[in-house]
Amino acid sequence: MIDNGDGPARVRFAPSPTGHLHLGGLRTALFDWLWARKTEGQFILRIEDTDRRRFDPESMDSLVNGLRWLGLDWDEGPDVGGPCAPYVQSERQQIYGVKAQALVDKGAAYRCYCTPERLAEMREAQRRAGKRTGYDRHCRNLSDEERRQYEAEGAASVIRFAVPLEGVTVFKDLLRGDIEVENRQLQDEILLKADGMPTYHLAAMVDDRLMEITHVLRGEEWLATAPIHKLIVDAFGWEMPVLVHLPVILDPSGKGKMSKRKKMVAGKEFLALVHEFQECGYLPDAMFNFLTNVGWNFDPDQEVFSREEAIERFSLEEINPSAAALPYEKLDWLNGLYIRELTPAALKSALLPFLSRQLGVAESELRSDGKLEILIPVIQERIKRLDEAADWIDWAYQEADTIEYASPKLLIGRKLDAAQSVDMLRSGAELLAEVEPFSAEAIQVAFREKAEELGVKAGSFFGPVRGAISGKKVSPPLFESIEALGREETLERLAHAVAFLEEHMEMASG
RNA sequence: GCCCCCAUCGUCUAGAGGACUAGGACUCAGGCCUUUCAAGCCUGCAACAGGGGUUCGAAUCCCCUUGGGGGUACCA
């Protein structure tokens, strides 16, 4: 039975498989999951595939992968089964047929023989006349004779719900309280389509009942049709589950509902699909933390929290009913934070697929690569997304002579000229040829001593060397980088850089 | 057009009549630290949409306006 109290809740995430899962859907699923776990109830996955035209077979994988990625496990669903199976609506077709007919028998619904063409014309005429569009209930009052006629002709038909002509329907949304709508504003919605498939209005109400759903969390776009749902449930003589319409997630621009398309705002690209976030290297824990705090707030004084803490504190009543845009920059910040909290070993294994793809090096090779052991801890606090790592260390996977120096300036130290910079590089090479052990620490000590001996600022000395070994102006800490490269490789690069600088001496000084 | 929902810094949010000189976080700016870049630490900029009520007292309650959003399909 439906329990509006604090007992174990049965909640469902009921997506329609029409494309990739996006963050809005994921957030709904997250809140469903949080509530199920909080109340020690069940989280159910139900597939609403009653629209055969929009069905996209690939979306099932996207859905399952996305939910699993975030760590949302379901207790009942298409793949795991359960007491209310099947959990795919297209496999429940007969149930809806029977239920729809029951409503017809009760006089709460009726068969409608209007063709799509007639409906289109009707709407067009209504629009032209400046009237509001909607079904004119042509078939609601057909005589028995007329119905027999249509049936005899074998006319296609749908079943429509017969909305009361007068009165007011009141339903309760947990976040917004009682909402009243005049019945005359409502449409005789289609319950069963001509192809025998139900619409959402019928299928969801029937399944929520049969699956004993206690709390319905769904997007705010359903708020307008909620009175119809209340009416349908009433007609069956059932009880309404607790309704919680989650605020829509806005576009990054803050205008309009977030779409599945990548959005460009101010020259920046914003992602929307779950798999895209996955591919960019956002951590599930960071995403979980992030999404939980959009529309709900864990604690005004604590931004970072665990799943367990979130479950402990989560409550439906505290959900904010106003629409929100996703604070993408906060996601990046959080993700960086979570990356920094990883052990180097965990970060390495998370990084492997990214590095392998972007560096073109086999994962197996990277796994046993000594350079990574040294480099990963030092880039850890520099990346916000896993896909940024390659840019930090790609130079370490190049050959010395393929390092390209974009400009001689790269090799020139602060307040030094080209000739002096060549001297720096040579001094560095001398020192590196002998330093023992070849460790970041020992190298650093040697470099600092040398800088003092030479009477130059550390930065002026280190800069050219940094440029020489990495080909970049910005790179990971120098001495770890040198250690990772090894003595021989480093010396080669220094020589390579000296040759380059000397060759461009004219240009550099000019 | 009609119906419904929403309204606190640029963004995510705290706030359920007096504790608000409106708090936190991200972003941004400045500073410290420093081998580049980060990270870290410190400081700063920045909001109750407007107008009426109710009340001794309103960000908080009511109404109107404005703004934003959603819906208006044999889609969900």
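We name chains A, B, ... by the order of the sequence lines, and we start the count at 1 in each one. Not measured: the values here are computed from a predicted model.
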* Checking only heavy atoms, does the side chain of A:R176 share a donor-acceptor pair with the base of B:C5 at less than 3.5 Å? -> no

* Asked: Checking all strands, does A:P327 fall into the base, sugar-phosphate, or nothing category for heavy-atom contacts under 4.0 angstrom?
  -> sugar-phosphate

Does [Y] offer a backbone N or O that forms a donor-acceptor pair with the side chain of [X] under 3.5 Å?
X      : Y      : answer
A:R160 : A:E189 : no
A:T199 : A:I190 : yes
A:N183 : A:L165 : no
A:N335 : A:L283 : yes

* Can you tell me how far OG of A:S460 sits from CZ of A:R414, rounded to the nearest 0.5 angstrom? -> 6.0 Å

* Go along nucleotides 64-74 of chain B 5' to 3' and tag each nucleotide: B for a protein heavy atom under 4.0 Å from its base, S when only backbone or sugar atoms are that close, - otherwise. => -----SSSSSB

* Taking the side chain of A:V294 as its heavy atoms from C-beta onward, which of B:U13, B:C5, B:C2 lies nearest to it? -> B:U13

* To do: Look at the side-chain N and O atoms of A:N320 and state whether any lies under 4.0 Å from the OP1 or OP2 oxygen of B:A14.
  => yes

* On RNA chain B, nearest-nucleotide positions of A:Q89 versus A:G459: which is more 5'? -> A:G459

Detail all sub-3.5 Å separations between protein N/O atoms and N/O atoms belonging to nucleotides 36-39 of chain B.
unit_1, atom_1, unit_2, atom_2, d
B:U36, O2', A:K473, O, 3.4
B:U36, N1, A:R466, NH2, 3.4
B:U36, O2, A:R466, NH1, 3.4
B:U36, O2, A:S475, N, 2.8
B:U36, O2, A:S475, O, 2.9
B:U36, N3, A:R466, NH1, 3.2
B:U36, N3, A:S475, O, 2.6
B:U36, O4, A:P477, N, 3.3
B:C37, O2, A:R382, NH1, 2.6
B:C37, N3, A:R382, NH1, 2.1
B:A38, O2', A:E381, O, 2.5
B:A38, N1, A:E381, OE2, 3.0
B:A38, N3, A:E381, OE2, 2.8
B:A39, O3', A:R340, NH1, 3.0

* **Within the 6.0 Å centroid threshold, strictly below: A:F314 and A:F298** => no

* Asked: Which is it for A:Y200 and A:H229 under the ring-ring contact (aromatic ring centres under 6.0 Å, His included) test, yes or no, and what are the steps along the way?
  -> CA-CA 10 Å; A:Y200 174 93; A:H229 300 152; 5.5 Å; yes

